[in-house]
Every structure is written in structure tokens, then in C-alpha cells.
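Encoded as C-alpha cells, here's the structure I'll be asking about.
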Number of protein chains: 2
Amino acid sequence: MGKSVRGLRPAWSYGCNSEGVDAISVRPARIQDVAAAAGVSVSTVSNVLNRPERVNARTAERVRDAVAALDYVPHPGAAGLRTGHSSSIGLVLPDVANSFYSRIARGAADAAYEHGYSLVLCDSGDAPEREQGYFTMLIEQRAVGAVVVPLSADPTRLSRLRERGIPLVLADRAMPAQEGCSVSVDDIAGGRVAVQHLLDRGARDILVVNGERTIRQCADRYQGARQAVRTRREARLGQVVAEEMMTVAYGSDIAHGLDELPDGVFCTNDFLAAGLCRALGERGVKIPEDVQVVGYGDLDLASFVGTTLTTVRQPVEELGRAAVEMLLDEVEARTEHAHEARVFAPALVLRDSTRASSDAPF
Amino acid sequence: MGKSVRGLRPAWSYGCNSEGVDAISVRPARIQDVAAAAGVSVSTVSNVLNRPERVNARTAERVRDAVAALDYVPHPGAAGLRTGHSSSIGLVLPDVANSFYSRIARGAADAAYEHGYSLVLCDSGDAPEREQGYFTMLIEQRAVGAVVVPLSADPTRLSRLRERGIPLVLADRAMPAQEGCSVSVDDIAGGRVAVQHLLDRGARDILVVNGERTIRQCADRYQGARQAVRTRREARLGQVVAEEMMTVAYGSDIAHGLDELPDGVFCTNDFLAAGLCRALGERGVKIPEDVQVVGYGDLDLASFVGTTLTTVRQPVEELGRAAVEMLLDEVEARTEHAHEARVFAPALVLRDSTRASSDAPF
DNA sequence: CCCGGCACGGAAAACGTTTTATTCGGTGCC
DNA sequence: GGCACCGAATAAAACGTTTTCCGTGCCGGG
């Protein structure tokens, strides 16, 4: 941020920048020009545009003709100056290139578009100071609200926005309901359904390959796994925890280090699962005949790890979409707005890694 | 678009929306308040903020203190009203959830942030009318410029923006240089390097699994392949073209339909390659011992298709970054700006699918 | 015929900046 | 001692809207 944004010519200044034959761009029409062309006052034009019911149908049509003739495009910036708010929404997330977040972005973009808002992409790139920088930017722009996937769980980070009265929806992190809205996926249910599936397929000796237990998602998914195992007396549950990152390499390490094989494995993310599947394959273990594997997240890669991977799908786009819609509900609410922590159900996606025969994996 | 964005309370109107204990948000400080607090005029404050060199150091400091004390945040919208332009850049692309585009978005976001611009995410979702809708939105906002990955090659689609004098940079599609800037990857070089690699590894009977030849990228990659083959007298080149989509399923079909096996395959995208690898595996064909395979694109999944996949990596983030920077160069240029069609070199990523022994695949 | 009310449309004041003139003390020079 | 000039600071006019308050002309009822 910060490098100055000045010294720019307005777009319509003396045209032709290349070969001289360029179209000379003209000063865009203002509401005043429209008014003049239609032979009415400025306020009438504004009314036609914003509350057509207040103006006579015949005059309205004259105005609309003038708008079309002049190719008039209203200037929401100027309007915002008067009304006190813009029509843009911030989307703050750690990394759009990460497929999880880019799916959130997709959903958010859809929703924002449908409601006529513009979405400002704020990729904090895992840098807290940059996250703060974006908060400042959103405050400057008088953003109407923000959807945030915060870098850390520390809620004080968000205080700057809240102080300025910018409504917030947290995504993928729960928030105490009285503090505001949030959207997230039910990870306990996800863990439960994954392990339940393994049990249904006949597995009895279940291993959970997990991330650090301090990560809420990991803890929840394990808890779900426990719930599922409790429903079967004869089932056993083990866990191995990745100390560092939940990566493909680590999944591979786990698989190579395993002394005795379980008959069902639940990896709490797809990277772990991918690595594990591959390494098991190298050890000559057949999936799903010898070991059944379930991943989590339904990354694109989940379909392709040698044998395709049964996994848990999270409705990520829905998260983004719902976040924006809840935000707008709060923002547009003329009456009261009750904060809400909406939780989505994950779904199991069946693929080869848990299925003995295969009926068309795609 | 279009649903009205009105009837919103300004952010600072009577506060407390939940339990009454909420912070009552106050009307944000204006430049006028700062001026009063510092005992100077409005214009002096503006000068301190925008061209500090014009104002006495002592007064400047007084002003800055006042700014800090009041927690003053300037309002770029109002400034834009005066100066005639905003500080936002449009990023128009077909689908952020597609990893190729989300990587572009990442690069663009980084660059925009570093230059103090905000990036408006416009996901056209493969719908031409939505793309046009976003163009309108960018015109309304007086965006300072736009980076566009257009849905179709038809250049007239872009005319609306150009008429309004909004600078454009095309990404992943070349543009005649006198029309404006563009960024793209050298697909001919990519095809050449891929097939060259197969030849170097000893393959002589090369098959290209391609998409429709009307797609420029496909045609270019094939042309590169031909160039490589011509350098070896004894090498042969075949091609099979996917009529419809370049999908995993199609790659799989190809592999199953093959009568006699080549010893090297170049798939012009990673989806095709993934499907092909898997299907060959099912037929008992060993990769890379029997057939060596090179994909294209370096999707995340490329690392994981059973045997990891040698492929061509495109500097996608660079594309996004460069696009924004070229845009800003044009926009901020006080002097002339020469349009440029910058072309990036793809790089080959070596993985198991072409390597007999394996030295650490990651 | 006069008056109250109604339906339309208009004038003008905000909104928060930037920027062009302009003023105002000083200072050095003749 | 007067003059021109200079740096520093200011007043005021935009920028393009929205919206509040009024004016006007028309109608029907008394």
C-alpha cells in the first residue's frame, strides 16, 4: 500500500495514445446533461433512476430515452459521497490461489454480483500486517461490509473494522453469535460420516491421520471419528498426529512408518491422504482391498491419486455465497438483524479408494 | 446486477445493534475536523497528506498529530470525485475457482496491493452477459484500468471498456500490440520443450494428445512439438485430438483406445495426462518404463497421479502480477506508454512419469 | 368563485475531497 | 525606505450525486 496514486489524467483527457487514429474519448455524460437533454431537472432524473414510482410515466420515458441517447452511466462514487456508503464488499482471505479459498471467493463473487455489489479482493498472503493494511483500505473505501477468513483466531485483530462500524462475517471460523455472523462447516459431522462410512464398508481397525490438535478443524474431525466408532462395540480407533504441516510428504511418511496396517484410514485432509495412498501403493498394499482410505476436503487432486479417493466434500462455494448474503442481510436490514452462525453439512464423495469394484468413477 | 443498494443507514448512525453494550460508532472524522484540530486550513491538511514537500515541517507535524489523534481516514471516493478517477482496478476472469485463474488473481492482488490500488474481482462465470455486466460496473466505478481474461477471442466484446477510455491488459490471450498490452505464455516453446524432453529420454515414437486445433494454445503446443521432432531424423510424431473437452475422462478414453503404444506421450493439458496415466496403469502399462508421459499446466494434481507427472509449468502468478503492473505503467505514465505483448517462458517440471529411477519426487 | 389538497417537478444544500488562485508576512536588494 | 519576490498558508470553486423542502398548476368541494 501507500505508493501515491496521483498525477493521473482523467480518462477523458485529450485522447489518442497510440497511432493517433484512436477514438478520442469524450467526457462522460453527467446527470445534468441527461436532465438538459430530457428537458427536466436534475432531481427528476435522479428520481427516475432511483424511485421510478414517484415520477410520471411519460416523463420517465423521456428521461430514459435521454439516458440511452447519451450513454449515461451513473457515478456510484458521487452517490456514495452523498449517501455515506459505497456499494462494495471486502473479501479478506489468506490466499486465493489455495483452492479452498478460491472456491469461497467464487461463491462470494456470485452472490455479490447478483445483488449489485462489487467485491474487493483482499489477499492477505498469510501476512498479518497486510491483513491490517486491507482493513484500512476497506475503512477508507467505506466498504459496506466484509467477509473475512482471518489469519489468526485472535479476535482483536478484527477490532479495527468493528470500531468503524463495518459489518463483518467470519468464514471458516466460528464466532460467538452475539459478536456477529459467521459461516463454517460442521467438522464433527464430517469426521463422523467419514468413519461411519469406513465402518459400513466393514473396516474395524480405524486409524485417523490427523493434524495438530490445536487446530479446531482437526480436533473436531477426530471427535466425529470417535463418535462414529462408539456406535460399534467391536471397532477400534487409533490416531497418528502430524507434528508439522499436513502435507502430501507427511502422509507418505506416515504410510511408510506404519508397523501393522489398519483396515481403514481417515486422513483429515486430502494432501495427507494423497501421500498416504501413494506410499501404501509403493509398499504393495492394495487400496481399497487391503486398506480403505477416506480423505477430507475434496480437493481437485482427490479424484486422481492413482486410485481415486473417497473423501468428504465441503460446500465451499456455499460458504462464500452465504457469507455475502448474510452480510447484505445485516447491511440492508431496515429492522433488526439477528446474528447467526450458520453451519453447513459436509458430504461424503465415494470413489475408488473405498470401493472394491468400480462403477464409473466420474 | 441492479438490485437497488439503497435505504442503508450510514455506518455511524445510532450504534449498538446487538446487546446494547456495543460500541456506539461515531461519525468518522473529516479532513475539516483535522484542520480545525490542527489550527490550519483544509487545504493545508490536504497538502500535508498529498505533497508534503510543499508545507513547512513544523506545521506538517502538527497536522499529522491531529490526524493520529482523530484517527482520520481519508475518503478516496470523495477524492476521486474531484480528480476524476478511482484507485481501483478490475480483474475480469472466467472462474476464480479454476486454479489457473486463481493463480492469476493471486499475482494481480499482490501487485495491486503493493501499488496501493484495490482490486475488484469480476468473475464472469463463463457467462458473456455477466462479463458485460462487469464491464458496466467498472465503467460506473471509473476504474483506473482492467486486467481481462476474456471469455471469447472476439475483440468487439471489449469495445465498451475501450470506448470509455479504460485501459486494458489482456491476460492469457494475445492482442495486436497496437491495440494494447497483453500477457501470455509462449505455448510453442512449451510444446517444444516438452517433446524435446521426451526425445532426450530416448522416446522416438511420440504421440500428442491434444485439444481442438481451433484453440490457439492447442495449436501452438502442437507446433512446438513438431519443431522438436524435426530435430531428430529418426523420430515420428502422431496426434490424436479430443473433439470435445480436454478432460480426465477423455484422457482415459484415449489410453484405452490406443492400438499400438507410442513410447512417449505429450498431453496438452494435465487433465488429459491424468486420465491417460491412470488408464494406462489399468492396462498394465508401466510409466515411465514403457511409456513416458508429459503433461501441461502443472496443476496441483500433477504431482499426484499415481506416479507423479512430469509436466510444463506456466508462471501463472507472474501473469497476473505483470498484467497489473503493465496496466499501472500505462495509467500512471506521465509521458508516452508503448504497448507491449509480454510473453513468458514455460518451464519443465521433472517428475516420475518420465523418470526411470526416482530421486526425491518433491 | 375561492380554497384546500394533491401530484409533479425543481432549486439548492449537502457529501469530503483536490486544486487553482490568492493573500500575507517576511527578506534581500537596490 | 521602497520594491519585488518568495515561501507558506488559505479561500473558494469545482467534482456528480441524493434528498429535503417548496412552488406550481390542477382538481373537486363548499
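Each chain gets a letter, A, B and so on, in the order its sequence line appears, and its residues count up from 1. What's counted below: heavy atoms across the whole structure, side chains too, no hydrogens, waters or symmetry copies.
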Specify the separation, in whole Å, of atom CZ of A:Arg58 and atom P of C:dG9.
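Rounded to the whole Å, the gap is 10 Å.
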To the side chain of A:Arg30, which of D:dG16, D:dA8, C:dG16 is closest?
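Nearest listed nucleotide: D:dG16.
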May I ask you to say what B:Pro76 touches in the nucleic acid, namely base, sugar-phosphate or nothing, with a heavy-atom cut-off under 4.0 Å?
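Answer is nothing: B:Pro76 stays at 4.0 Å or more from every strand.
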B:Asn47 vs D:dA8: side-chain N/O to OP1/OP2 distance below 4.0 Å:
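Checking B:Asn47 against D:dA8: no side-chain N or O falls below 4.0 Å of OP1 or OP2.
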Should B:Val149 and B:Pro94 count as side-chain neighbours, where that means a heavy-atom distance under 4.5 Å?
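Side-chain contact under 4.5 Å: yes.
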Return no unless some side-chain N or O of B:Arg51 is found under 4.0 Å from OP1 or OP2 of C:dT19.
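Answer yes for this pair, as a side-chain N or O of B:Arg51 is under 4.0 Å from OP1 or OP2.
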Nearest nucleotide by nearest heavy atom, which residue falls closer to the 5' end of DNA chain C, A:Arg54 or A:Val42?
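Closest to the 5' end, via its nearest nucleotide, is A:Arg54.
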Rounded to the Å, how far apart are B:Glu61 CD and D:dA8 C1'?
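Atom CD in B:Glu61 sits about 17 Å away from atom C1' in D:dA8.
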At under 4.0 Å between heavy atoms, what does B:Val48 touch on the DNA or RNA strands: base, sugar-phosphate, or nothing?
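The answer is nothing, as B:Val48 stays clear of every strand by at least 4.0 Å.
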Take atom CD of B:Gln32 and atom C1' of D:dT10, then tell me their distance rounded to the nearest Å.
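Rounded to whole Å, this separation is 14 Å.
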Any idea which of D:dC15, C:dG10, D:dT19 is nearest the B:Leu81 side chain?
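The answer is D:dC15.
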Quick one: bend of the helix from C:dC1-D:dG30 to C:dC30-D:dG1 from 5 pairs per end, to 10°?
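The two end axes of the helix from C:dC1-D:dG30 to C:dC30-D:dG1 meet at 60°.
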So, B:Asp65 and B:Arg62, do they make that salt bridge, N to O below 4.0 Å?
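Answer for the salt bridge query: no.
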Is the closest basic N to carboxylate O distance between A:Asp71 and B:Arg160 below 4.0 Å?
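Salt bridge absent between A:Asp71 and B:Arg160.
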In whole angstrom, give the distance that lies between atom CD of B:Glu53 and atom C1' of D:dA9.
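The answer, rounded to whole Å, is 15 Å.
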Relative to the 5' end of DNA chain D, which residue comes earlier, B:Thr59 or B:Ala79, by the nucleotide with the nearest heavy atom?
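Upstream on the strand: B:Thr59.
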N/O donor-acceptor pair, side chain B:Arg82 with base C:dT18, under 3.5 angstrom
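Indeed there is one.
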Hey, which sits more toward the 5' end of DNA chain C by its nearest nucleotide, B:Tyr72 or A:Val55?
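Checking each residue's closest nucleotide, the 5'-ward one belongs to A:Val55.
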Please report, rounded to the nearest Å, how far the P atom of C:dT19 is from the CG atom of B:Asn50.
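Atom-to-atom, B:Asn50 to C:dT19, this comes out as 7 Å.
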Would you kindly give the CD1-to-P distance between A:Ile31 and D:dA14, to the nearest whole Å?
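Checked: the CD1 to P distance equals 19 Å.
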With respect to the side chain of B:Ser43, which nucleotide from D:dA9, C:dA11, D:dA11 is positioned closest?
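Taking heavy atoms from C-beta onward, the closest nucleotide is D:dA11.
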Partner set under salt bridge (Lys or Arg N to Asp or Glu O under 4.0 Å) for A:Arg82, not counting sequence neighbours
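For A:Arg82 there are no salt bridge (Lys or Arg N to Asp or Glu O under 4.0 Å) partners, ignoring immediate neighbours.
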What is the distance from CZ of B:Arg62 to P of D:dA9, rounded to the nearest Å?
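Rounded to whole Å, this separation is 8 Å.
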With a 4.5 Å limit on heavy-atom distance, are the side chains of A:Val45 and A:Ser43 in contact?
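No. Closest side-chain heavy atoms not under 4.5 Å.
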Phosphate contact (C:dG9 OP1 or OP2) by A:Thr44 side-chain N/O below 4.0 Å:
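Indeed not, no polar side-chain atom of A:Thr44 lies that close.
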Minimum heavy-atom distance B:Val34-B:Val63, with the two atoms named
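Heavy-atom minimum between the residues: CG1-O, 4.2 Å.
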Should A:Asn56 be listed as having a side-chain N or O under 4.0 Å from OP1 or OP2 of C:dA7?
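Answer no for this pair, as no side-chain N or O of A:Asn56 is under 4.0 Å from OP1 or OP2.
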Rounded to whole angstroms, how far apart are CG on B:Leu49 and C1' on C:dT19?
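These atoms are roughly 15 Å apart.
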Taking only side-chain nitrogens and oxygens of A:Ser46, does any of them come within less than 4.0 Å of OP1 or OP2 of D:dT18?
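Yes, A:Ser46 has a side-chain N/O under 4.0 Å of OP1/OP2 on D:dT18.
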Determine whether A:Asp126 and A:Ser124 make a side-chain contact, defined as any pair of heavy atoms from C-beta on separated by less than 4.5 Å.
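With C-beta onward as the side chain, the pair stays apart.
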Heavy atoms only: give me the nearest A:Val92-A:Glu131 pair and the separation to one decimal.
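Heavy atoms of A:Val92 and A:Glu131 come nearest at CG1-CG, 4.2 Å.
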